[in-house]
Amino acid sequence: MGLTRKRVLVTGGAGFLGSHLCGKLIDAGNDVLCVDNYFTGRKDNIAHLLGKPQFEAMRYDVTFPLYVEVDEIYNLACPASPIHYQFDPVQTTKTSVIGAINMLGLAKRVKAKILQASTSEVYGDPTIHPQTEEYRGNVNPLGPRACYDEGKRAAETLFFDYWRQHRTRIKVVRIFNTYGPRMHPNDGRVVSNFIVQALRGEPITLYGDGSQTRAFCFVSDLVEGFMRLMATDDEVTGPVNIGNPHEIPVRELAERIVRLTGSSSTIVYRPLPQDDPTQRCPDISLARRLLGWEPTVKLDDGLARTIDYFSTLLAERS
Ligand code: NAD
Ligand code: UDP
């Protein structure tokens with residue numbers, strides 16, 4: 001193997017995004033250590049990697065200190081779906097904050113580069129649109145989403161304090177809604193919910209009137225953005241928005257999925273969850289400039305690939 005082969009730690013590596021990242025890192029010739037407590041991740045997501053000598057999986061909770069020797073760390077461990085991060089909110093904050101402290105401590109000790117999977121949720125229910133990295137956000141610190149939003153904000157603070165205080169080589173990505181194969185069928189997020197409901201011919205559960213907007217990025221585009229940011233010089237810390245700026249109302253997403261699946265499902269309206277952001281769309285000027293990155297997968301193409309994945313999964317289970 002060439003001189004660029006690195007030892008890379010991916011926390012949350014058995015989750016949706018983490019499993020795609022592990023695969024890409026191995027394809028690029030690296031050794032990958034996947035650390036996951038399988039709270040929302042699944043061994044099935046990494047089953048195809050388990051036989052490879054460059055891949056190792058470890059069941060571990062990042063709220064405990066970890067002692068390994070690595071060159072790079074991607075810190076993804078944290079439930080991402082509202083129903084999962086609200087299931088045990090105290091544990092969600094612990095995972096974000098104590099997990100960040102532990103992984104930053106590891107990065108400092110072994111002088112590794114470390115990338116934090118932050119989120120557009122740091123902007124809360126945004127009052128500027130689209131969201132730029134300078135925007136400081138509008139988060140309710142007391143609401144049901146706060147365990148996640150404030151946990152991720154505190155993690156960003158820790159990353160920048162480690163950078164200022166210890167010169168730890170940090171990279172912070174603010175991820176906007178990302179979808180694709182290997183989302184959990186019961187994940188609760190909108191794309192997986194709508195596709196599974198459409199494929200089963202069940203009613204599509206639209207929260208609120210469906211006028212709230214989101215912008216959806218396909219997983220392969222996101223992983224490319226991660227790896228480009230990790231490869232930048234040490235001066236480049238972020239935060240950098242990574243997401244697809246093609247914004248649509250959630251109602252339109254439901255209609256598209258019904259059309260693409262050829263489903264007979266009807267739409268049923270459910271109450272809008274508390275603090276559900278009314279609009280969200282990334283300004284990706286910085287990612288374009290710094291990384292030469294922009295998304296390449298169109299929404300209908302990404303949805304078609306995700307529908308194929310769930311069709312196969314549901315057929316295997318029936
Ligand atoms: P996911 O739930 O599929 O993956 C999270 C993984 O972290 C799971 O495998 C889970 O088992 C693991 N995990 C949770 N707590 C842990 C702990 N204490 N110790 C070790 N492992 C733990 O979600 P995802 O969509 O793959 O998200 C990955 C990361 O990206 C998360 O940090 C999330 O906040 C961030 N993110 C994702 C999105 C998105 O749209 N997918 C958007 C914004 C931010
Ligand atoms: N949503 C919905 N029906 C569902 C799941 C989600 O209408 O079955 C809505 C949700 O209220 C939000 C949007 O879809 O406005 C995106 O929700 P998701 O949980 O995927 O992520 P969020 O962006 O809110 O973190």
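Start at 1 and go down the list; that is how both ligands and their atoms are numbered.
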Item to complete: Assess whether salt bridge (charged side-chain N to carboxylate O under 4.0 Å, His left out) is satisfied between R5 and D31, documenting all intermediate values.
Response: CA-CA 7 Å; R5 178 170 176 164; D31 281 334; 2.9 Å; yes
Discussion item. Go through it in stages, so that I can follow the logic: the residues are Q86 and R145, the test is side chain to side chain contact (heavy atoms under 4.5 Å, CB included), and I'd like the CA-CA distance, side-chain angles, deciding distance and then a yes or no.
Written reply: CA-CA 7 Å; Q86 290 170 25; R145 296 175 87 101; 3.8 Å; yes
Item to complete: Verify salt bridge (charged side-chain N to carboxylate O under 4.0 Å, His left out) between E255 and R251, making sure each step is shown before the conclusion.
Response: CA-CA 6 Å; E255 289 160 0; R251 191 190 321 102; 5.1 Å; no
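Classification of D283 and R288 as a salt-bridged pair fails, no side-chain N sitting under 4.0 Å from a carboxylate O. Electrostatic pairing of E156 and R153 does not count as a salt bridge here, judged by no charged N lying under 4.0 Å from a carboxylate O. With salt bridges taken as basic N to acidic carboxylate O contacts below 4.0 Å, none links K298 and D221.
Ranking the protein heavy atoms by distance from atom 17 (C) of ligand 1 puts N37 ND2, 3.3 Å first. Closest to atom 22 (P) of ligand 2 among all protein heavy atoms lies R145 NH2, 3.5 Å. Nearest protein heavy-atom neighbour of atom 4 (O) of ligand 1: G15 CA, 3.6 Å. The protein heavy atom nearest to atom 18 (N) of ligand 1 is D61 OD1, 3.0 Å. Atom 1 (P) of ligand 1 has as its closest protein heavy atom T40 OG1, 3.7 Å. Nearest to atom 41 (N) of ligand 1 among the protein's heavy atoms is R189 NH1, 2.9 Å. Among all non-hydrogen protein atoms, the one lying nearest atom 28 (C) of ligand 1 is L76 O, 3.7 Å. When hydrogens are left out, the protein atom nearest atom 9 (O) of ligand 1 is D36 OD2, 2.5 Å; that is the closest non-hydrogen contact. The protein heavy-atom contact nearest to atom 7 (O) of ligand 2 is Y207 N, 2.8 Å. Looking only at heavy atoms of the protein, atom 36 (N) of ligand 1 is closest to I175 CD1, 3.6 Å.
Residue contact annotation: Y60 has a non-hydrogen atom under 4.0 Å from ligand 1. In this structure, N177 is part of the shell of residues with a heavy atom less than 4.0 angstrom from ligand 1. At least one heavy atom of P82 lies less than 4.0 angstrom from ligand 2. Ligand 2 is never approached by Q197 to a heavy-atom distance shorter than 4.0 Å. In this structure, G99 falls outside the shell of residues with a heavy atom less than 4.0 angstrom from ligand 1.
Proximity of Y148 to ligand 1, defined as any heavy-atom pair under 4.0 Å, is confined to the side chain (atoms from C-beta onward). Residue-level proximity to ligand 2 for Q279 is absent, since no heavy atom of it falls below 4.0 angstrom. At a 4.0 Å heavy-atom cut-off, ligand 2 touches V250 through the side chain alone. The proximity of R280 to ligand 2, defined as any non-hydrogen pair under 4.0 Å, is limited to the side chain. Of all the heavy atoms of S118, the ones lying under 4.0 Å from any atom of ligand 1 belong exclusively to the backbone. In V191, neither the side chain nor the backbone holds a heavy atom less than 4.0 Å from any atom of ligand 2. Counting heavy atoms under 4.0 Å from ligand 1, residue L17 touches it through both backbone and side chain. The proximity of V190 to ligand 2, defined as any non-hydrogen pair under 4.0 Å, involves the side chain as well as the backbone. Under 4.0 angstrom from ligand 1, there are no non-hydrogen atoms of H184. With a 4.0 Å cut-off on non-hydrogen atoms, E121 does not touch ligand 1 at all.
Between V35 and ligand 1, no N or O atom pair is found at a separation short of 3.5 Å. For ligand 2, the polar-atom distance check against R189 finds no nitrogen or oxygen pair separated by under 3.5 Å. Taking distance alone, with nitrogen or oxygen atoms compared against 3.5 Å, T95 approaches ligand 1 more closely than that limit. Close N/O approach between T119 and ligand 1 is not found [any backbone or side-chain N/O within under 3.5 Å]. Distances between N or O atoms of P273 and those of ligand 2 include no value under 3.5 Å. At a 3.5 angstrom cut-off on N or O pairs, S120 does not count as close to ligand 1. Here's the thing with G41: one of its N/O atoms is less than 3.5 angstrom from an N/O atom of ligand 1.
Crowding of F87 atom CZ: a count of heavy atoms from other residues, nucleotides or ligands under 6.0 Å not exceeding 12.
Using modelled atom types and a 3.5 Å distance limit, the side chains of D125 and N138 yield no donor-acceptor pair. Using a 3.5 Å distance cut-off with no hydrogens or angles, the side chains of T205 and Q197 do pair a donor with an acceptor.
A donor-acceptor contact shorter than 3.5 Å links the side chain of Y135 to the backbone of T127. With R305 contributing its side chain and G180 its backbone, the two residues share no donor-acceptor pair below 3.5 Å. Panel note: side chain R174, backbone E133; a donor-acceptor pair is recorded below 3.5 Å.
Close approach to F194 involves these atoms of ligand 2, each under 4.0 Å from a residue heavy atom: 2 (C), 3 (N), 4 (C), 7 (O), 8 (O). Residue contact check: N193 has heavy atoms under 4.0 Å from atoms 4 (C), 5 (C), 8 (O) of ligand 2. For ligand 2, the atoms closer than 4.0 angstrom to any heavy atom of E121 are 25 (O). Contact atoms of ligand 2 toward N177: 21 (O), 22 (P), 23 (O) (distance under 4.0 Å to a heavy atom of the residue). Atoms of ligand 2 lying under 4.0 Å from at least one heavy atom of Q212, given by number and element, are 9 (C), 11 (O), 15 (O). Atoms of ligand 2 found under 4.0 Å from any heavy atom of T205 (numbered from 1 in listed order, with element): 2 (C), 3 (N), 4 (C), 7 (O), 8 (O).
Relative ring orientation between Y85 and Y148 is described as parallel, the plane-to-plane angle staying below 30° on a 0-90° scale split at 30° and 60°. Between F64 and Y60, the two ring planes are perpendicular [angle over 60°; tilted spans 30° to 60°].
Checked options Q279, E252, H129, E247; the residue passing with T213 is E247 (criterion: side chain to side chain donor-acceptor pair (under 3.5 Å)). The side-chain contact (heavy atoms from CB on, under 4.5 Å) test with K171 singles out one residue from N75, T237, V236, and that residue is V236. Screening K111, R169, R7, K6 against D71 for a salt bridge (Lys or Arg N to Asp or Glu O under 4.0 Å) leaves a single residue, R7.
With a 4.5 Å cut-off on side-chain heavy atoms, T63 and Q91 count as touching.
For atom 10 (C) of ligand 2, the candidate residues are I267, D149, L206, D276; the nearest heavy-atom contact is made by D276. Between atom 5 (C) of ligand 1 and the options P79, A80, G12, C78, the minimum heavy-atom separation is to C78.
When the side chains of ILVMFWY residues are joined at heavy-atom separations under 4.5 Å, either directly or via intervening members, F218 and I257 end up in a single hydrophobic cluster.
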